[in-house]
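The shown structure was predicted, so the numbers you read here are calculated from the model rather than taken from an experiment. All residue numbers refer to positions in the sequence shown, counting from 1.
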Amino acid sequence: MQSAGHRFRDVEHHPLLNESDSYDASASETELADKVWFIRDGCGMVCAVITWLLVLYADFVVTFVMLLPSRDFWYSVINGTLFNCMAVLALTSHLRTMLTDPGAVPKGNATKEYMESLQLKPGEVIYKCPKCCSIKPERAHHCSICKRCIRKMDHHCPWVNNCVGEKNQRFFVLFTMYIALISAHALVLCGFQLFTCVRGQWTACSNFSPPVTVILMIFLCLEGLLFLTFTAVMFGTQIHSICNDETEIERLKSEKPTWERRLRWDGMRSVFGGQPSFLWINPFAGLQARRFLRSRKGGTEFSV
């Protein structure tokens with residue numbers, strides 16, 4: 001049995017446990033998988049609501065201010081369908097990022113019985129997180145907001161009210177990608193609409209008055225520029241991290257890898273699953289209705 005100092009030291013790496021290890025001394029982890037994950041953080045919930053409101057605002061301006069009043073039927077249909085489909089994919093990716101367990105280590109698994117069951121050899125050391133009383137797997141970090149140790153934790157994002165970790169990084173990447181795409185699409189539509197309105201001297205340009213139309217489009221342009229810049233940078237950062245098999249925390253701490261790195265396509269396949277296909281960009285892939293039916297019976301899992 002290792003010393004108490006070793007067991008209670010809050011560190012990030014250890015030689016005993018790896019990413020595939022799990023605590024099965026009880027059925028708590030199985031029960032948790034059948035419930036919806038949700039973080040009760042005031043700031044995160046406000047940011048998540050703001051994100052939805054901004055996407056819905058963009059959809060309103062694009063649909064009702066720019067496309068429906070247009071005289072070109074196919075222009076409205078094609079752009080409306082494309083924008084709304086990407087908006088649905090973006091919001092679905094946001095929901096799945098927010099409601100998916102990012103890879104939380106079970107609370108309280110650092111029991112005496114469990115550590116004795118590991119049958120440690122002399123010199124072997126495991127580490128216990130003193131904050132959530134759990135054995136920390138390799139590359140796990142404690143999140144002070146989720147109040148859990150998260151496997152391969154990249155960062156905690158208030159805009160999705162969740163950590164980005166081993167199990168939900170794919171959905172976060174899709175969320176940033178689709179937000180960047182609809183932001184760029186909205187900016188292009190705004191530019192074309194402004195050109196059309198000025199050329200037609202604002203006659204039959206919109207169902208709204210010219211001042212209201214200009215104000216709505218200005219706010220949409222500002223929103224589009226801000227979100228395009230932020231999400232495009234975040235998307236590129238995430239892809240770079242995946243291809244180098246290095247989380248943002250590990251990069252900032254300049255941690256030397258003690259694990260076998262999965263570089264480039266191996267890293268992409270480990271996050272998105274399987275060979276490259278359209279399933280990679282589909283946030284509905286892997287969604288099981290039965291899981292949510294069970295969660296309605298068992299209640300929602302709130303992180304406390």
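Interatomic distance, NZ of Lys167 versus CZ of Arg151, reported as 7.0 Å (0.5 Å rounding). To the nearest 0.5 Å, the span separating CG on Asp41 from SG on Cys146 amounts to 8.0 Å.
Of the listed residues (Val214, Ile215, Thr213), just one forms a side chain to side chain contact (heavy atoms under 4.5 Å, CB included) with Phe208, and that residue is Thr213. Put simply, the residue from Phe171, Trp159, Phe172, Phe175 that forms a ring pair (Phe, Tyr, Trp, His ring centres under 6.0 Å) with His94 is Phe175. The residue from Asn162, Asp101, Thr100 that alone fulfils the side chain to side chain donor-acceptor pair (under 3.5 Å) condition with Trp37 is Asn162. The side chain to side chain contact (heavy atoms under 4.5 Å, CB included) test with Ile179 singles out one residue from Leu54, Leu91, Val55, and that residue is Val55.
In this structure, Ile39 is not a member of the same hydrophobic cluster as Val105, with clusters built from ILVMFWY side-chain heavy atoms closer than 4.5 Å. Under the 4.5 Å side-chain heavy-atom criterion for Ile, Leu, Val, Met, Phe, Trp and Tyr, Leu82 and Ile281 are members of the same hydrophobic cluster. Val271 and Trp265 fall within a single hydrophobic cluster, where Ile, Leu, Val, Met, Phe, Trp and Tyr side chains are chained together by heavy-atom contacts under 4.5 Å. Residues Phe230 and Ile50 share a single hydrophobic cluster, defined by chaining ILVMFWY side chains whose heavy atoms lie under 4.5 Å apart. In terms of hydrophobic clustering, with Ile, Leu, Val, Met, Phe, Trp and Tyr side chains grouped at heavy-atom distances under 4.5 Å, Val233 and Val160 are assigned to different clusters.
In terms of modelled atom types and a separation under 3.5 Å, the side chain of Tyr178 and the main chain of Cys85 share no donor-acceptor contact. Within the 3.5 Å criterion, the main-chain N or O of Gly267 finds a donor-acceptor partner in the side chain of Ser270. Judged by distance alone, with hydrogens and angles left aside, the side-chain atoms of Ser76 form a donor-acceptor pair with the main-chain N or O of Asp72 at under 3.5 Å. A donor-acceptor pair is defined here as one N or O able to donate and one able to accept, closer than 3.5 Å; no such pair exists between the side chain of Asn168 and the backbone of Arg96.
Using a 4.5 Å cut-off on side-chain heavy atoms (C-beta onward), Val62 and Leu220 make contact. At a threshold of 4.5 Å between non-hydrogen side-chain atoms, the residues Thr81 and Val77 count as touching. Contact annotation: the side chain of Met45 never approaches that of Val49 to less than 4.5 Å [non-hydrogen atoms, C-beta and beyond].
A salt bridge does not link Asp154 with Arg251: every distance from a Lys NZ or Arg NE/NH1/NH2 to an Asp or Glu carboxylate oxygen is 4.0 Å or more.
A tilted orientation is assigned to the rings of Phe192 and Tyr75, their planes being inclined by 30° to 60°. Taking the six-membered ring where tryptophan is involved, the planes of Phe272 and Trp280 are essentially parallel, since the angle between them stays under 30° and well short of 60°. In this pair, Phe83 and His185 present their aromatic rings tilted. The plane angle is within the 30 to 60° band.
Counting side-chain heavy-atom gaps under 4.5 Å among Ile, Leu, Val, Met, Phe, Trp and Tyr, the cluster of Leu225 also holds Leu187, Leu228.
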Under the side chain to side chain contact (heavy atoms under 4.5 Å, CB included) criterion, do Ser241 and Glu246 qualify, and how do the steps go? CA-CA 5 Å; Ser241 297; Glu246 182 182 49; 5.6 Å; no

